[in-house]
Amino acid sequence: MFDAIKTVFLAIPIGFYTTLKHLFKKPVTLQYPFKKKEMAERYRGLHYLEIYDDGSERCVCCGLCASACPADAIYMEPAENEKGERYSKVYEINMLRCIFCGFCEEACPEEAIFLGHEYEFSNDNRNAFIYTKEQLLANRPRKEKPFKTIIRKLRRIF
Amino acid sequence: MESVAQLIIIMIKVIAIVTVVLTGVAWATWLERKLLGHLQHRIGPAVAGPFGLLQPIADAIKLAFKEEIIPDKVERATYTLAPMLSFVPSLLTFAVIPFGPTITLFGYEIEPVISDLNIGILYILAITSLGVYGIVLAGWSSGSKYSLLGGIRSSAQMISYEVAYGLSMVGVLLIAQSFSLKEIVAQQEGIFNWFIFRQPVAFFLYMICAVAETNRAPFDLPEAESELVAGYLTEYSSMRYALFFMAEYANMIAVSCVATTLFLGGWNGPILPPFIWFALKVFMFMCLYIWIRATLPRLRYDQLMNLGWKVLFPLALLNTMVTAFILRF
């Protein structure tokens, strides 16, 4: 009897007060398609291939990324340009195989491949998930910071 | 000629009230989602129109164009009839609710009530009980165990709470000495004459029973999403499903209107016009409904029965008795 009275006159009003308090708090909802979350610096999203300041590709097609890849998602074919430098003729990443572990990024001796912050790349066609070199080069984010500081920051994080 | 004019006026009143109520139902769903969202740190519907205000229209279009799936094992006739049986009584309640004082338009005296029955409250009690048939028949005819359980729970619950629901009104009736809702409102002029101050226990009981009568949380056992999938609604889709939903919200509005009339002085209030006062009070009750849903968890079935028969029923009887004694001596 006493417990019931305590519930009705104490516990339930406290409950109502609690929910009422929450009515005036700021909602935590993120209006996703309209507003996007700022991803963490080390977030591993869609890959991109980096270039030198003069516009030439950094990738020398050494194959370390492909051998580091636990999902076997990277395929590459090497070639030489007229100066005798190695570059990748074909460089493909199958995003359906990729597990976004970032090992390719760690393995790369030339700081050529990075995992960016892009995560919206769904498609209804499986073939569209095999990203070619041109696509990966085009994925480079519009940088505000110079390339070197990004590298230094990444080194510090890892 | 005079009778034809009367008929036309009544038709216009019926159409007006049905329109207002159905619009209210549509935006009650919006209010519920919005308010419930904010009570849980969410924002609720926000994409369709400003503050998501066009969401009910989007919902209506979606439901109207959905495919109607009728399972093989249903009792066709009853299955089809049940949503209507549930929806129609929920609208019928509004026939006796006075929305405002008499107004004069084009030389005609118009009372904003479709029919001022002298036994209005009995009518309301009769009609609100009819709503349970729709739910029970829906549960039974669906040929699904969840629906059946929902229907059975609903009938047991509504019958149990009907008693206390009716008795909680008796206190008011004793003071008002009238069954006519218009007469009851007329006796509540001035804030301190509102029956909520003279019958606080009755008001409290009425609110609990009203929530149970309309199958709302924390008494939403007939639909109990987490245990019965959706109870009697499980096998319904498209507009039939929508009819049940509209019935639920129309019932909420009806019960709020009755509470306003019986306990909060109906349209009486200072400064603002009477219709606005009435709408405001109903709105307050709707918010209370949603607030209750956001706060209290669902009762277990035996707790529900205990509360109904062992707490609310004796309290209602006691309240009636005390009121009668005070009035007599």
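Worth knowing before you read on, the calculation uses all heavy atoms, side chains too, and leaves out hydrogens, waters and symmetry mates. Per chain, numbering begins at 1; letters A, B, ... match sequence-line order.
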Chain B contact via F34(A) - side chain, backbone, both or neither, heavy atoms under 4.5 Å: side chain
To the nearest 0.5 angstrom, please state how far the OG1 atom of T19(A) sits from the CH2 atom of W291(B).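 One gets 6.5 Å once the value is rounded to the nearest 0.5 Å.
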Just checking heavy atoms, which of [range] are less than 4.5 Å from chain A?
range                       : value
residues 37-47 of chain B   : H38(B), L39(B), H41(B), R42(B), I43(B), A46(B), V47(B)
residues 203-216 of chain B : F204(B)
residues 295-319 of chain B : T295(B), L296(B)

Other residues, nucleotides, ligands: >12 heavy atoms within 6.0 Å of [X] [atom1]:
X       : atom1 : answer
F121(A) : CZ    : yes
Y17(A)  : OH    : no
E38(A)  : CD    : no
F103(A) : CZ    : no
Y32(A)  : OH    : yes

Contacts of W194(B) that satisfy ring-ring contact (aromatic ring centres under 6.0 Å, His included) - sequence neighbours left out: none
Out of I12(A), L23(A), V28(A), which one racks up the most heavy-atom pairs below 4.5 Å with chain B? L23(A)
